[in-house]
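Below is one structure, written out as C-alpha cells; the observations come after it.
On a predicted model such as this, the values are computed, not experimentally measured, just so you know. Any value given below was found using the heavy atoms of this structure, including those in side chains, with hydrogens, waters and symmetry copies removed.
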Amino acid sequence: MKTKKQQVKLLKEIHQLHQNLHGMLQPVTLRNTIYYQASFLVKSNEDLISQISNLLEVCALALDGNGMLLSPSNQNVTKEDSVCRVLEMVLNLLPDAQMHYLDKLTEKFSEMETKID
C-alpha cells in the first residue's frame, strides 16, 4: 500500500499537469446548469469575420454543388481556399492539451494501481 507521502506526491503531479493545460474546455454555469466552453484564437475582428465566412462558404459550396458561392462579394474565393481555411480552424479546435493531460493522468493511475498490487 502506498504511503501518504507517495499519495500526496502523486496528487501534486496530477494537479501540476492540470495547471499546465491550455485549450481545455472551461466550465461555465448558466441558470444552475454547467456547460463547457471551447474557444479558438483570432488575430482581429476581421479575422473572426473571415473565419465565420469561411465556414459559411464551405456550407454554401457543399449545398450548391457546382462550386459557385452564393454571395457576389465572395466570388473570387476558390473552393479549395475555403476548405483549407475551415480545416485549419478545425485542427486548431482539437483539444490536444486535454488529450495529453488525460494520457498522463491514465499513466499516473496505472502506476498507482501497479504499486498497490
Side-chain angles (χ1 to χ4, degrees):
M1 184 151 254
K2 286 185 119 183
T3 66
K4 282 202 181 238
K5 188 175 180 179
Q6 289 173 317
Q7 290 175 338
V8 169
K9 182 182 177 202
L10 176 63
L11 287 174
K12 284 182 181 180
E13 288 176 9
I14 292 170
H15 185 260
Q16 183 62 42
L17 287 169
H18 187 266
Q19 293 299 315
N20 291 334
L21 283 179
H22 299 289
M24 187 174 171
L25 295 175
Q26 300 296 318
V28 176
T29 304
L30 297 171
R31 297 185 187 127
N32 297 324
T33 303
I34 296 176
Y35 297 92
Y36 290 90
Q37 178 177 315
S39 63
F40 60 97
L41 298 175
V42 293
K43 295 176 187 170
S44 63
N45 287 316
E46 182 179 3
D47 187 37
L48 175 62
I49 293 297
S50 173
Q51 291 193 29
I52 293 169
S53 296
N54 292 333
L55 288 169
L56 294 171
E57 289 166 10
V58 168
C59 293
L61 288 169
L63 291 172
D64 191 22
N66 66 9
M68 296 299 294
L69 291 175
L70 304 177
S71 170
S73 64
N74 290 327
Q75 288 181 353
N76 294 330
V77 177
T78 67
K79 193 180 343 182
E80 291 80 12
D81 287 342
S82 294
V83 171
C84 285
R85 284 186 236 149
V86 170
L87 290 173
E88 287 173 5
M89 271 193 289
V90 170
L91 286 171
N92 288 331
L93 289 171
L94 290 173
D96 295 332
Q98 184 176 357
M99 297 301 106
H100 176 74
Y101 167 73
L102 290 173
D103 286 343
K104 290 294 186 182
L105 188 61
T106 300
E107 181 183 307
K108 294 294 179 187
F109 283 130
S110 292
E111 289 174 10
M112 186 174 79
E113 289 171 1
T114 303
K115 290 178 182 177
I116 289 174
D117 293 338

**Fill in**
Rounded to the nearest 0.5 angstrom, the CD-CD distance for Glu88 and Gln51 is 9.0 Å
**Spacing of Gln16 atom CD and Lys104 atom NZ [to the nearest 0.5 Å]** = 13.0 Å
**Request:** Name all residues meeting the side-chain contact (heavy atoms from CB on, under 4.5 Å) criterion together with Leu41; count only those two or more places apart in sequence or in a different chain, and write none if there are none.
**Result:** none
**Asked** Can you list the residues that meet the side-chain contact (heavy atoms from CB on, under 4.5 Å) rule with Ile52, with sequence neighbours excluded?
**Response** Leu48, Leu56
**Request:** Using modelled atom types only, decide if a donor and an acceptor are shared between the side chain of Ser50 and the backbone of Glu46 within a distance under 3.5 Å.
**Result:** no
**Message:** I'd like to know if Leu55 and Ile49 are part of one continuous hydrophobic network [Ile/Leu/Val/Met/Phe/Trp/Tyr, side-chain heavy atoms within less than 4.5 Å].
**Reply:** no
**Asked** Got a second to check how far Thr3's OG1 is from Lys9's NZ, nearest 0.5 Å?
**Response** 10.0 Å
**Cluster link Ile14 to Leu102, ILVMFWY, side chain under 4.5 Å** = yes
